[in-house]
Amino acid sequence: MDIEVAVIGAGPVGMAAAAFLHQAGVAVRLFEANPDRAGQSRATTIHPRTLELLDSLPGERGSLAARLVAAGNRVPAAHFAALPNRLDYTGLDTSFPFVLVLPQPETERLLAAHLAEQGVGIETGWKLADLAQDEQGVTIVSETGDTRRAGYVVGADGAHSATRHALGLAFPGTPASTVGFLADVRLERPPAHPHHWDSERGSYSAIPLPGGIFRIFGHEPGDTGLTPEEAARRQAQIPDEAEIRATLKRLADDDLGLAEVLWSSRTGDTTRHVERYRAGRVFLAGDAAHVHLPAGGQGLNVGVQDAANLAWKLAAEVRGRAPRRIIDGPRSYDAERRPIAARLAANTLAQSALMVTFTPGGKALRDLMSHLIGRNGDTADELRGWLSGLDVSYAEDGGLAGRRVPNLPLADGRTLHRALRHDRFTLVAFGTTAVPSRADVVRSTRDWHGLAAVLVRPDGYAAEVWSAGEKIPEHWEHWEH
Ligand SMILES: Cc1cc2nc3c(=O)[nH]c(=O)nc-3n(C[C@H](O)[C@H](O)[C@H](O)COP(=O)(O)OP(=O)(O)OC[C@H]3O[C@@H](n4cnc5c(N)ncnc54)[C@H](O)[C@@H]3O)c2cc1C
């Protein structure tokens, strides 16, 4: 089959999925409804784990992560629920101990450039209307009746996913009851602190983006506690410059020197999670599988991490090498990623409650949470782990297998994340552990939990670990059997 995997939707998640699949040697093609993909501003925040994964995609001018970092602003801390005390990323065990601030169109432009450089084709103006699958593959049908055949399909076609609809999968959750405003603007008098909250007037934040632009967002008490119909009507009322100015004056007693509105929109706290990530030969990833309030800048990040988890498993399945446990067992895409999106839904709902409970009790709760974050203890660690993506773990019973392996320094001068291969596992030996010298064996110069060796999956998680004295099987690469 010419197309081993068809990816529907060339948003950030579809493009990341295609890039990872291509790197694993899969013949992949993207189908994008929009003829002109210049996207909306939306995501501005890229977290460390996402950069680690994109760092494994090499290009002519450095890794994809390096290209994103060069284009964005590095910020040392992330916010949770726009609380005054922030989550410091500077001590994290990663090559990317910061939040990267980069508007989504720029992230998408660099992803598209990477795919073009790698020769991965994107068919634009091709809108999926339906699909049908049989034992050999999937037939995808466009709105104009054009049909294509692929071995497998990844539906990364966003919140209103036609792939999800064609599969008839339920998308349970809760409708929006709160609507916020947001805009990318130029300000002559930006506030000294980014986050402001008042129990009577509401809240606003102003986050610097590259190029002297600010992302402002916030909520007013009148836009909370809405019925689903009221919320839908309010979300459709895109604020213009006059309304943004009036909103800032109500919230800040000043329009902050609003000089230009480049883009504006409204947010809602609709929270939904698809019932299954896989139906036969078709998978869902990113917003097609989960939607939530864009709080803490997580949707794009979790979606790219979905794509990395799926790609190597799907590549193994395409090659007929995948064991049951990664197709529909405990190591499957669905089994590993579903709990992550459930946690995402819960933490964004919690952030929503903290941001829009405009009462004295809401203020007390915010003060308490901000105080706990400011202590930089367990609460901060837990939230930092969630948002950064670095504590995502597929380990069972607290074991090491399933945990993310950090970017260990290697004896050959490289670091682990760049040494990982997308189409096979990598054996990392520690200390004096005897292992054969092969392309997919590396030696770490730094200890990790006192192990003798760890077998690392293409997405950087431990598949299997060996302590000193334990025998590493000769054919360890046959982990899947
Ligand atoms: C205001 C706002 C701020 C945000 N901030 C952040 C942030 O800071 N960090 C973060 O991580 N996330 C953030 N998010 C969320 C982030 O924007 C999304 O999670 C992300 O865009 C999801 O990517 P995706 O590729 O899954 O879907 P999308 O970006 O929606 O892309 C889907 C693609 O599929 C195409 N498509 C749709 N239907 C079809 C079809 N039938 N056939 C073919 N193609 C189709 C679309 O044209 C589109 O190109 C924010 C969202 C909003 C609204």
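One-based numbering, in listed order, for ligands and for the atoms of each. Position 1 is the first residue of the sequence, and the numbers go up from there.
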message: Could you walk me through whether S370 and D367 satisfy the side-chain contact (heavy atoms from CB on, under 4.5 Å) test, starting with their C-alpha distance in whole Å, then the side-chain angles of each, then the deciding distance to 0.1 Å, before giving a yes or no?
response: CA-CA 5 Å; S370 190; D367 288 347; 5.7 Å; no

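The shortest heavy-atom distance from F217 to ligand 1 is not under 4.0 Å. Heavy-atom distances between G303 and ligand 1 stay at or above 4.0 Å for every pair.
Of the polar atoms of G286, none of the N or O atoms is found under 3.5 Å from an N or O of ligand 1, judged by distance alone. The distance criterion of under 3.5 Å between nitrogen or oxygen atoms is not met by A159 with respect to ligand 1. Of the polar atoms of T267, none of the N or O atoms is found under 3.5 Å from an N or O of ligand 1, judged by distance alone. The shortest N or O to N or O distance between N301 and ligand 1 is below 3.5 Å. Where the criterion is an N or O separation shorter than 3.5 Å, residue side chain and backbone included, A162 fails it with respect to ligand 1. Taking distance alone, with nitrogen or oxygen atoms compared against 3.5 Å, E108 stays at or beyond that limit from ligand 1. Residue contacts with ligand 1: K127 is placed with no nitrogen or oxygen under 3.5 Å of a nitrogen or oxygen of the ligand (distance criterion only). At least one N or O atom of A33 sits closer than 3.5 Å to an N or O atom of ligand 1.
Inspection of the R403 and Y394 side chains reveals no N or O donor paired with an N or O acceptor under 3.5 Å. For the residue pair Q133 / T139, no side-chain donor-acceptor distance below 3.5 Å is found, with atom types taken as modelled. In the model, N376 has a side-chain atom that pairs as donor or acceptor with a side-chain atom of R384 under 3.5 Å. No side-chain donor from either of Q23 and D423 sits under 3.5 Å from a side-chain acceptor of the other.
Heavy atoms of other residues, nucleotides or ligands lying less than 6.0 angstrom from CZ of R149 number more than 12. Annotation: D378, atom CG; neighbour count of heavy atoms from other residues, nucleotides and ligands within 6.0 Å does not exceed 12.
Ionic pairing of R148 and D146 is present here: one or more N-O contacts between side-chain nitrogen and carboxylate oxygen are shorter than 4.0 angstrom.
Residue, atom and distance of the protein heavy atom nearest to atom 23 (O) of ligand 1 are P12 CG, 3.5 Å. Ranking protein heavy atoms by distance to atom 31 (O) of ligand 1, first place goes to G11 CA, 3.5 Å. Protein heavy atom nearest atom 41 (N) of ligand 1, with residue, atom name and distance: L128 O, 3.1 Å. For atom 39 (C) of ligand 1, the nearest non-hydrogen atom of the protein is D157 CB, 3.7 Å. Closest protein heavy atom to atom 24 (P) of ligand 1: V13 CG2, 3.7 Å. Here the heavy atom of the protein found nearest to atom 26 (O) of ligand 1 is D287 N, 3.0 Å. Summary of contacts: the protein heavy atom closest to atom 12 (N) of ligand 1 is L300 N, 3.0 Å.
Near G297, meaning under 4.0 Å from any of its heavy atoms, are these atoms of ligand 1: 6 (C), 7 (C), 8 (O), 9 (N), 10 (C), 11 (O). For ligand 1, the atoms lying closer than 4.0 Å to a non-hydrogen atom of L182 are 1 (C). Listed by number with element, the atoms of ligand 1 under 4.0 angstrom from any heavy atom of A156 are 32 (C), 33 (C), 34 (O). Those atoms of ligand 1 that come under 4.0 Å of a heavy atom in W126, given as number and element, are 42 (N), 43 (C). Taking every heavy atom of P294 and a limit of under 4.0 angstrom, the matching atoms of ligand 1 come to 2 (C), 3 (C), 4 (C), 50 (C), 51 (C), 52 (C). Less than 4.0 angstrom separates some heavy atom of I8 from each of these atoms of ligand 1: 42 (N), 43 (C). Below 4.0 Å from some heavy atom of F31 lie the following atoms of ligand 1, by number and element: 43 (C), 44 (N).
Heavy atoms only, all atoms of each residue included: P458 and L420 are closest at O-CD1, 4.0 Å.
The option from L293, T44, L284 that lies nearest to atom 8 (O) of ligand 1, judged by heavy atoms, is T44. Between atom 14 (N) of ligand 1 and the options G158, S264, A43, the minimum heavy-atom separation is to A43. Residue E32 holds the heavy atom nearest to atom 49 (O) of ligand 1 of all those in M15, E32, E143. Of the candidates H165, E123, Q104, R42, R42 brings a heavy atom nearest to atom 28 (P) of ligand 1.
Ring pair Y204/H196 is parallel by interplanar angle, where below 30° counts as parallel and above 60° as perpendicular.
Seen from the ring of F181, R266 does not count as a face-on cation partner, given the 6.0 Å and 45° thresholds. A cation-pi arrangement is absent between R404 and Y461 under the rule of less than 6.0 angstrom and at most 45 degrees off the ring axis.
Atom NE2 of H165 is separated from atom CG of L128 by 11.0 Å, given to the nearest 0.5 angstrom. For the atom pair CD1 of I8 and NZ of K127, the computed distance is 12.5 Å after rounding to the nearest 0.5 Å. How far CZ of F20 is from NE2 of H422: 6.5 Å, rounded to the nearest 0.5 Å. The distance from atom OG1 of T379 to atom CG of L372, rounded to the nearest 0.5 Å, is 4.5 Å.
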